[in-house]
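These notes concern the structure reproduced below.
Quick caveat: nothing in here was measured; it's all calculated off a predicted structure.
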Amino acid sequence: MSGKNNKNVNVLRMEESMKLLSVKEFYQSYEAMAQQSVIVSGWVKTKRIGKEVAFVELSDGTCMQTIQVVVEVEKQIDLSFGVGACLLV
């Protein structure tokens, strides 16, 4: 793509110390992972945006539980996605 149709794309670089986990794996081992960075991907079940923080619930289908992601609104992260969007956080 070139010209005016180009969009800025953020590329995530996974550091070697980060591990991609399923929601089920996260809940099975979250105590052992205290103070570690992990990456979770899933589909947005709900999204609520407040003045200072936004709450996003992710589910990946590996279990009935969801993970709540808290986003600081002042970080100016694009929150224009909707329910059903796929995220990697």
Legend entry - Close side-chain approach of S59 and W43, heavy atoms under 4.5 Å: no
Inset, instruction - Report whether V56 and V53 are members of the same hydrophobic cluster (ILVMFWY, side-chain heavy atoms less than 4.5 Å apart, transitive linking). - result: no
Inset, instruction - Mind checking the CZ-CD1 spacing from F55 to I49? Nearest 0.5 Å is all I need. - result: 11.5 Å
Inset, instruction - Give a yes or no on whether the backbone of L87 and the side-chain of S41 come within a donor-acceptor separation of less than 3.5 Å. - result: no
Inset, instruction - Taking the side chain as every heavy atom from C-beta outward, state whether V38 and Y30 have any atom pair closer than 4.5 Å. - result: no
Inset, instruction - Could you tell me whether the side chain of I39 reaches within less than 4.5 Å of the side chain of V89, counting heavy atoms only? - result: no
Inset, instruction - Please examine the side chains of L58 and V44, heavy atoms only from C-beta on, and report whether any two atoms are closer than 4.5 Å. - result: yes
Legend entry - Distance (rounded to the nearest 0.5 Å) between D60 CG and Q65 CD: 11.0 Å
Inset, instruction - Give the cluster check for I77 versus I67: same hydrophobic cluster or not, with ILVMFWY residues linked at side-chain heavy-atom distances below 4.5 Å. - result: yes
Legend entry - Nearest-0.5 Å distance that lies between atom CG in L21 and atom OG in S29: 6.0 Å
Legend entry - Between CD on residue E52 and CD on residue E72, distance to nearest 0.5 Å: 9.5 Å
Inset, instruction - May I have the step-by-step check of side-chain contact (heavy atoms from CB on, under 4.5 Å) for L20 and L88, ending in yes or no? - result: CA-CA 9 Å; L20 179 61; L88 181 70; 3.8 Å; yes
Inset, instruction - Decide whether a cation-pi geometry holds between K47 and F81; the criteria are a distance under 6.0 Å from NZ or CZ to the six-membered ring centre and an angle within 45° of the ring axis. - result: yes
Legend entry - Pairwise distance CG(L79) to CZ(R48) - rounded to 0.5 angstrom: 13.0 Å
Inset, instruction - Measure the spacing between OG1 of T66 and CD of E57 and express it to the nearest 0.5 Å. - result: 4.0 Å
